[in-house]
A.B. asks: 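Starting off with a structure, shown below.
The shown structure was predicted, so the numbers you read here are calculated from the model rather than taken from an experiment. Proteins get letters first, then strands, A, B, ... in listed order; numbering begins at 1 in each.
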Amino acid sequence: MTLPCRNKSACEILDAYFIENRARMLDIASFLDRIDRYDGAGEAKADFRYKALTQALKLLSEREDDRTKALQMLFSDLSIEPVDSATGLKTTGAWEGAFHEGN
Amino acid sequence: MKAIDPHIHMISRTTDDYLKLAVSGIHVVTEPAFWAGYDRCSAGSFRDYFHQLTVAEPARAARFGIRHYCWIGLNSKEAEDIELSEEVLALIPEYLDRETVLGLGEIGLNKNSRNEIRALERQLALAAERNDLVLIHTPHLEDKLKGTRIIMDMILSEPRIKPERVLIDHAEEHTIGEIREKGFWYGLTLYPHSKGSPERAVDAVEIYGPDRVCINSSADWSVSDPLATLKTANEMRRRGHPEELINRIFYENPKSFLGQCPKFHIA
Ligand SMILES: [Zn+2]
C-alpha cells in the first residue's frame, strides 16, 4: 500500500528538507526563550498548552517511529462523551483534560 | 496539469483568484456551504447565501471557463442556535435539487456538542432519504479525533448511506487510518497552521496510497491559498513521483468521488 519513491534516497530527503527544518527548530527555541523573557513566564509555563508543547518535544526526542500521529494524539481530546453546549467554548490546539492534577 | 479543487470557498475570494485558477489548470471547483466568519442572525441570510452559491457564483466562475459546483448544508458552528437551525434545516431541501448542487455539505461537528450532533443527524437523514452525496467537515485541532469518531459512528448507524458516497474532510495523521478502514473517502486540507501542509499531505499519500483520497485548499476568507493543490502536486514532483500518480490524486480521484452525483459532469 505504501508508495516509497524509488527515485530518492533518505540522504536526498535529508538534503532537500534539512535547512527548512533547522529553521523550524530555531523558531521553536526562540518562542520558548521569548516566553522566558516576558513577565509572567511562570504562569505561561503552567498553562496546559505549554505543558503539551514540552511533552511534544520530549516525545520527538524519544520516539523512533510514527511521531506525527503520536503528536496528534498528544494534542487531542481523548474523551468520548459529547459536550452539552458549544457556547463559549474555544479551540486551543491542546486538550486541557490531559493536564489536570493527578492526570 | 489539470486539477479539481473539491473544497474551496470562492465567495470569499476575489475575481482575480478565478483568473489564477483558470490559468493554472484548475477548471472545476466545488464549494461547500460553511460558516461566514460570523454567526448569521436569520434564515433569510442563509437563503441569500444559498442563492449566491447556486446562481451568482457559477456565473462568476463561468466567465473564466471554470465549472462551479456546490454543496448545501447547515454548518456545525451555527447549529447551537436551535431555533435558527430549525428554520435553516427546513429550507435546505428546496436548494438540493438545483442543477449544480452535489449533495449535503459541509456538515459535521465543530465542538462535538449535542446540538451540533442533532443538526448533523437531521441532515444525514435527509441525505439518506434522497440518496445524496455527503461532504463532512471534521472539527479543528484537539477536537478532530473525537468528532471524527462520533461522525463516523453516526453515518455507519444509518444503513441507507454508503461510506463510499461520503467524503470525510480535513483528515489528519491520527484520523486517516480509521476513516479509510471504514470505507469512506477522506480529504486532506492544505491550510496553514490549523490543518496540513503540502509536505504532510504527500507523506500521507506515500503512507496510505492513492485510493479514496482528495486533496483540497479550503481557501476562504482567512489565511489560505487557492493554488495550494497545485503547490502540493509540485511537492510530489519534487520527490520524483510520476505525473500519472499526480494526475490521479488531483484530477481522477475527485472526479471519481464527485462523479457519483449524476449532476457532476466535466468535459
Ligand atoms: Zn470549508
A.B. asks: Please look at A:E81 and chain B and tell me whether the side chain, the backbone, both or neither of the residue comes under 4.5 angstrom of a heavy atom of that chain.
C.D. replies: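 Interface part for A:E81: both.
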
A.B. asks: Provide the closest heavy-atom pair for B:S113 versus A:A86 in the form atom of the first, atom of the second, distance.
C.D. replies: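 Heavy atoms only, the tightest pair is CB-N, 3.6 Å.
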
A.B. asks: Using only heavy-atom distances, determine whether the side chains of A:S76 and B:K144 contain a donor-acceptor pair under 3.5 Å.
C.D. replies: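 Distance-only check fails for A:S76 and B:K144.
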
A.B. asks: Nearest 0.5 angstrom please: B:L141 CG to A:K90 NZ, how far?
C.D. replies: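 If we round to the nearest 0.5 Å, B:L141:CG and A:K90:NZ are 14.0 Å apart.
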
A.B. asks: Considering non-hydrogen atoms only, spot the tightest contact between B:R114 and A:P82 and give its length.
C.D. replies: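 Smallest heavy-atom distance, with atoms named: NH2-O, 3.6 Å.
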
A.B. asks: Given 3.5 Å as the limit, does a donor-acceptor pair link the side chain of B:R238 with the main chain of A:A16, or not?
C.D. replies: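 Between the backbone of A:A16 and the side chain of B:R238 there is a qualifying donor-acceptor contact (under 3.5 Å).
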
A.B. asks: Counting heavy-atom pairs closer than 4.5 Å to chain B, which one of A:L71, A:T92, A:D66 comes out on top?
C.D. replies: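 Heavy-atom pair counts peak at A:T92.
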
A.B. asks: Flag yes if more than 12 heavy atoms outside A:E20 fall under 6.0 Å of its CD atom; otherwise flag no.
C.D. replies: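 Count over threshold, so yes.
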
A.B. asks: Which heavy atom of A:I80 sits nearest a heavy atom of B:I150, and at what distance?
C.D. replies: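 What the structure gives for the nearest pair is O-CD1, 4.2 Å.
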
A.B. asks: Once rounded to the nearest 0.5 Å, what's the spacing between atom NE2 of B:H174 and atom CE of A:M73?
C.D. replies: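 B:H174 NE2 to A:M73 CE: 7.0 Å, rounded to 0.5 Å.
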
A.B. asks: Which pair of heavy atoms, one from A:F75 and one from B:E142, lies closest together, and at what distance?
C.D. replies: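 Nearest pair, atom of A:F75 first, then B:E142: O-CB, 3.0 Å.
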
A.B. asks: Got a sec: does the CZ of A:R37 have more than 12 other heavy atoms crowding it under 6.0 Å?
C.D. replies: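 Yes, the 6.0 Å shell around CZ holds more than 12 heavy atoms from other groups.
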
A.B. asks: How close do B:K111 and A:V83 get, heavy atom to heavy atom, and via which atoms?
C.D. replies: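 So the two residues come closest at O-CG2, 3.4 Å.
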
A.B. asks: Does A:T91 form a side chain to side chain contact (heavy atoms under 4.5 Å, CB included) with B:D143? I'd like the steps, not just the answer.
C.D. replies: CA-CA 8 Å; A:T91 307; B:D143 300 311; 3.8 Å; yes

A.B. asks: How close do A:K8 and B:G240 get, heavy atom to heavy atom, and via which atoms?
C.D. replies: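 Where A:K8 meets B:G240 most closely, the heavy atoms are CE-N, 4.3 Å.
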
A.B. asks: Please indicate whether A:D27 has more than 12 foreign heavy atoms, meaning atoms of other residues, nucleotides or ligands, lying under 6.0 Å from its CG.
C.D. replies: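 Correct, the count exceeds 12.
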
